[in-house]
Participant: 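I'd like to ask you about the structure that follows.
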Amino acid sequence: MNHLSEKLNGILKMNLAKKYTSVSYAMLKNGELLAAGAIGNSGGTGKKPSTIDDTYNVASVSKIYCTLAVMKLVEQGKVSLDEPIVKYLPRFQMLDERYRLITLRHCLSHTSGLPGTQWKGFSVTDTTDANYYDDVYDYLSYNHLKANPGEYAVYCNDGFTMAELVVAEVSGIRFSAFCEQYIMHPLSATTTKFSEQLTGENTLVSEGSKPAELLLIQGAAGITTSMPDLCKLGQMILHPGELFLQSSLEEMAKPHGVSFLTEDDRSTSFGLGWDNVNLKDPEYDLGEGVLQKGGNSFQFNTQFVVIPKFDAALAISATHDCKCDVSETILRLFATALLEEGVNIYQKQKLIPQEMIEHYAGLYLLPSAIYRVHLYGTTCNITHDTTRGESEGIYKNLKFNGSVFEAADGQTFYFSESKDSVYLITNLKGRRIPLAQKAVNYPAISAAWEKRLGKQYICIDASPYDLVIRDIATGLQVAQLKDHPGILIASLSARDDSEIYGVFEGSFLPVTDEIGKGFINTPANGSRDLLSPCFEVKNGIEYCHVASYLYRDVSTLPDYCGQGFHQGKINQVYRLKEELSSLPNIPNGRRLFLLNKEMSVIYDSLYKESFKPIKEGYISFI
């Protein structure tokens with residue numbers, strides 16, 4: 001992975017939801033792979049780390065492949081765009097006699113008047129024994145047109161299904177085989193296949209734990225591909241060589257959409273297969289004739305963009321749980337990539353000065369969290385980072401207006417300096433609120449603190465009725481702040497489903513070898529609830545007092561061998577050395593915690609939760 005790809009991966013990750021499956025992108029420029037990346041995992045049951053060779057259902061981007069297949073038949077003199085398709089499909093009939101007027105041009109420009117989508121076969125888990133074409137003819141035989149062919153454009157999958165049928169009927173081979181022969185194979189696009197061609201050689205991503213999504217609706221939505229291979233298609237569209245006639249691609253790139261509403265800019269932008277044949281974005285100067293096609297399935301959202309001005313092809317696909325705007329994201333990544341080459345395509349937003357980036361970007365501290373301010377191009381992103389390697393976007397895509405950073409909802413952010421410290425400030429509905437304080441360098445920590453790094457300490461004085469201890473603070477780890485090793489972090493464990501704090505991480509500085517002190521001084525809420533851990537050793541066991549609780553070094557815990565409840569305020573906590581398959585008896589007024597190896601509560605008797613056997617972790621009698 002090159003440096004640019006690493007940088008863009010970091011930017012991309014900031015825009016994803018906390019729990020996402022996978023996203024991949026690629027950019028081809030001047031015939032070379034400029035950058036490519038994949039983040040997340042393959043989903044399903046395997047959940048392998050994502051790679052740029054993983055494939056995604058690009059759904060309606062398949063319409064470009066279908067259109068190219070039709071244009072190849074046009075080049076071969078076997079079909080005409082303006083002949084009625086009944087000439088090629090003798091089985092085709094509808095209740096509405098106007099169907100006899102539908103042409104391939106109508107089908108490829110969304111002006112056929114056909115109903116829209118045959119949902120049967122759109123998304124399935126198995127393609128064997130499918131009689132899809134029979135189903136298509138049956139479906140249409142019970143339908144009417146919504147308009148005269150050519151009257152107006154409205155997005156229509158059915159038109160591309162009919163075009164697919166024409167390709168198969170006229171060529172005499174399967175539609176997938178025709179596309180393989182004339183598109184995928186010449187492009188060496190080895191990952192690009194239809195559902196019926198999948199061999200398992202390349203991983204097909206699934207969203208979350210869902211089964212693999214397969215599509216019988218090939219011409220309208222059936223392609224699965226990696227993003228680098230999708231960019232190869234874009235490169236061919238820019239430079240067809242001997243694969244296609246230039247006139248075929250020019251015909252596809254003409255405006256073919258029709259509308260009876262003068263205010264309608266969307267319908268009139270349709271080309272043949274393309275959603276937009278002259279994409280304009282108010283934020284970027286992309287030049288003329290930018291071609292754009294989107295795809296949306298039940299699991300994926302995809303964007304494919306071809307930019308003649310920069311001889312570039314861009315592709316991105318993400319599972320829906322990423323919750324990112326793929327259209328905006330791929331253009332912003334491209335703009336960032338061009339800035340690395342000294343090319344600025346931003347039209348309205350002002351570039352962030354380099355000296356501002358150097359001075360204000362970095363880590364900022366809150367009493368319970370670590371924020372990182374990322375500045376690049378015209379954009380600020382603020383992420384919530386943890387010492388455990390997690391990162392989640394908190395404030396996304398804030399635009400620089402020359403003085404402050406603006407969110408879409410009008411909230412603004414800026415920086416202020418006082419007493420040799422830098423503070424992150426937000427203006428929310430007219431109120432200026434200090435949020436966080438920038439981390440600075442402090443002296444190196446002592447050997448005593450070095451020994452505590454990464455050690456685990458577990459709470460031993462929880463009460464039977466304390467609700468806080470369930471969600472946060474059941475365990476403690478001491479970590480160093482990345483990039484600022486003189487600052488230590490008290491990282492308190494939290495349940496995975498805790499929506500209030502998540503991982504509670506407070507910064508502190510060593511005062512002595514045993515005592516630390518919270519030090520940030522942000523006004524308002526910015527420095528409340530500081531953590532000041534105090535360690536002590538008794539009878540060879542190290543304890544820590546912090547955040548009003550008492551913790552014990554887990555390495556000194558005894559193994560659980562069937563012990564039960566006891567008297568006293570200090571909890572008896574044990575390490576599980578074998579699977580716990582049943583719960584001990586829990587007397588009234590007492591409480592039982594089961595904690596995983598990260599010291600997060602997975603069972604709490606106070607909440608009367610369902611018990612599941614646990615193989616490793618801890619049991620706490622409260």
Side-chain angles (χ1 to χ4, degrees), residues 58-85 87-89 101-114 116-117 147 149-168 170-171 175 178-179 182-183 217-223 230 233-240 243-259 264-279 288-295 302-308 313:
V58 297
S60 285
V61 175
S62 307
K63 292 177 172 65
I64 302 301
Y65 294 84
C66 182
T67 305
L68 286 169
V70 169
M71 298 310 291
K72 178 55 67 177
L73 289 178
V74 172
E75 293 177 3
Q76 294 173 347
K78 295 179 179 179
V79 301
S80 166
L81 290 178
D82 299 307
E83 285 282 353
I85 60 174
K87 176 179 177 180
Y88 313 112
L89 302 174
L101 303 176
I102 299 172
T103 67
L104 280 169
R105 190 183 301 276
H106 293 142
C107 291
L108 301 178
S109 63
H110 303 285
T111 59
S112 66
L114 288 165
T117 300
E151 183 178 346
Y152 66 92
V154 58
Y155 201 88
C156 180
N157 288 313
D158 290 335
F160 288 84
T161 297
M162 300 313 294
E164 172 191 342
L165 265 64
V166 169
V167 173
V170 172
S171 68
F175 175 75
F178 188 88
C179 292
Y182 290 102
I183 304 174
I217 182 171
Q218 294 185 342
I223 287 286
L230 183 51
L233 182 73
Q235 175 68 12
M236 187 278 291
I237 288 167
L238 288 166
H239 303 286
L243 298 186
F244 283 86
L245 297 177
Q246 184 66 40
S247 58
S248 296
L249 300 173
E250 290 173 355
E251 189 65 30
M252 290 172 60
K254 292 178 182 177
H256 284 79
V258 180
S259 181
D264 182 2
D265 296 322
R266 171 72 169 90
S267 302
T268 54
S269 297
F270 287 131
L272 296 183
W274 295 106
D275 289 347
N276 198 325
V277 293
N278 194 19
L279 176 68
E288 297 298 319
V290 176
L291 303 171
Q292 177 268 335
K293 185 73 192 81
T302 304
Q303 279 292 309
F304 175 49
V305 184
V306 177
I307 310 176

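FYI, side chains are in, hydrogens and waters are out, and symmetry mates aren't considered; it's all heavy atoms of this structure. Predicted model only: the values in this text are computed from it and were never measured.
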Participant: Kindly determine whether K293 and V306 satisfy side chain to side chain contact (heavy atoms under 4.5 Å, CB included), including the steps that lead there.
Facilitator: CA-CA 9 Å; K293 185 73 192 81; V306 177; over 6 Å; no
Participant: Do the rings of W274 and F304 sit parallel, tilted or perpendicular, given the 30° and 60° boundaries?
Facilitator: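 Rings of W274 and F304: parallel, as their planes differ by under 30°.
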Participant: When rounded to the nearest 0.5 angstrom, what distance separates CG in L89 from CE in M162?
Facilitator: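 L89 CG to M162 CE: 5.0 Å, rounded to 0.5 Å.
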Participant: Just verifying a value: how many Å separate Q218 CD and L165 CG, rounded to the nearest 0.5 Å?
Facilitator: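 That separation rounds to 10.5 Å.
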Participant: Holding to ring pair (Phe, Tyr, Trp, His ring centres under 6.0 Å), I want the full list of residues that pass it with Y88, two or more places apart in sequence or in another chain.
Facilitator: none
Participant: Taking the side chain as C-beta and beyond, is there a heavy-atom pair between V258 and E151 under 4.5 Å?
Facilitator: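 Answer no - side chains too far apart.
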Participant: Where do F160 and T67 come nearest, in terms of heavy atoms and distance?
Facilitator: CE2-OG1, 3.5 Å
Participant: Who passes side chain to side chain donor-acceptor pair (under 3.5 Å) against Q235, sequence neighbours left out?
Facilitator: none
Participant: Over all heavy atoms of both residues, which pair between L272 and S109 is shortest? Give the atoms and the distance, please.
Facilitator: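 Closest pair (atom of L272, atom of S109, distance): CD2-CB, 3.9 Å.
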Participant: Distance-only, no hydrogens or angles: does the S112 side chain make a donor-acceptor pair with backbone N or O of I102 under 3.5 Å?
Facilitator: no
Participant: Using only atom types and a distance under 3.5 Å, with no angle test, would you say the side chain of K72 pairs donor to acceptor with the backbone of L243?
Facilitator: yes
Participant: Apply side chain to side chain donor-acceptor pair (under 3.5 Å) to K87 and list each qualifying residue two or more places apart in sequence or on a separate chain.
Facilitator: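 Partners of K87 under the side chain to side chain donor-acceptor pair (under 3.5 Å) test: none.
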Participant: If you define the side chain from C-beta out and look only at heavy atoms, does anything of P255 sit under 4.5 Å from V277?
Facilitator: yes
Participant: I want to check something: taking the side chain as every heavy atom from C-beta on, are K63 and N157 in contact at a cut-off of under 4.5 Å?
Facilitator: yes
Participant: Check whether any side-chain heavy atom of M236 lies under 4.5 Å from a side-chain heavy atom of L68, and answer yes or no.
Facilitator: yes
Participant: List for me each residue that meets ring pair (Phe, Tyr, Trp, His ring centres under 6.0 Å) alongside H106, sequence neighbours excluded, and say none if there are none.
Facilitator: none
Participant: Specify the closest pair of heavy atoms between T161 and A220, including all atoms of both residues, with the distance to one decimal.
Facilitator: OG1-CB, 4.3 Å
Participant: So which of L81, L104, V170 actually passes side chain to side chain contact (heavy atoms under 4.5 Å, CB included) with L73?
Facilitator: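 The residue from L81, L104, V170 that satisfies side chain to side chain contact (heavy atoms under 4.5 Å, CB included) with L73 turns out to be V170.
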Participant: Rounded to the nearest 0.5 Å, what's the gap from CZ on F244 to CD1 on I237? Could you check?
Facilitator: 9.0 Å
Participant: Step by step, work out the side chain to side chain contact (heavy atoms under 4.5 Å, CB included) result for C66 and F175.
Facilitator: CA-CA 9 Å; C66 182; F175 175 75; 4.0 Å; yes
Participant: Decide whether Y182 and E75 meet the rule of one side-chain donor and one side-chain acceptor closer than 3.5 Å.
Facilitator: no
Participant: Between the side chain of S62 and the main-chain N/O of I223, is any donor-acceptor distance below 3.5 Å?
Facilitator: yes
Participant: Please work out whether the ring planes of Y155 and F270 are parallel, tilted or perpendicular, with thresholds of 30° and 60°.
Facilitator: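 Rings of Y155 and F270: tilted, 30 to 60°.
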Participant: Report the residues that fulfil side chain to side chain donor-acceptor pair (under 3.5 Å) with D264, sequence neighbours left out, ordered by chain and then residue number.
Facilitator: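 By the side chain to side chain donor-acceptor pair (under 3.5 Å) rule, D264 matches S259, S267.
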Participant: Roughly how far apart are I64 CD1 and M252 CE, rounded to 0.5 Å?
Facilitator: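 That separation rounds to 5.0 Å.
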Participant: Which atom pair, heavy atoms only, marks the closest approach of T103 to P84?
Facilitator: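 T103 and P84 have their closest heavy atoms at CG2-N, 4.1 Å.
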Participant: Which heavy atom in P308 sits nearest to a heavy atom in L238, and how many Å separate them?
Facilitator: CA-CD2, 3.8 Å
Participant: Going by the rule side chain to side chain donor-acceptor pair (under 3.5 Å), which residues pair with Q303 if we only count those two or more places apart in sequence or in a different chain?
Facilitator: Q292, S327
Participant: Taking all non-hydrogen atoms of both residues, which atom of N276 and which atom of N278 are closest, and how far apart?
Facilitator: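 Closest heavy-atom pair between N276 and N278: OD1-N, 2.9 Å.
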Participant: P240 versus Q246: any side-chain heavy-atom pair under 4.5 Å?
Facilitator: yes
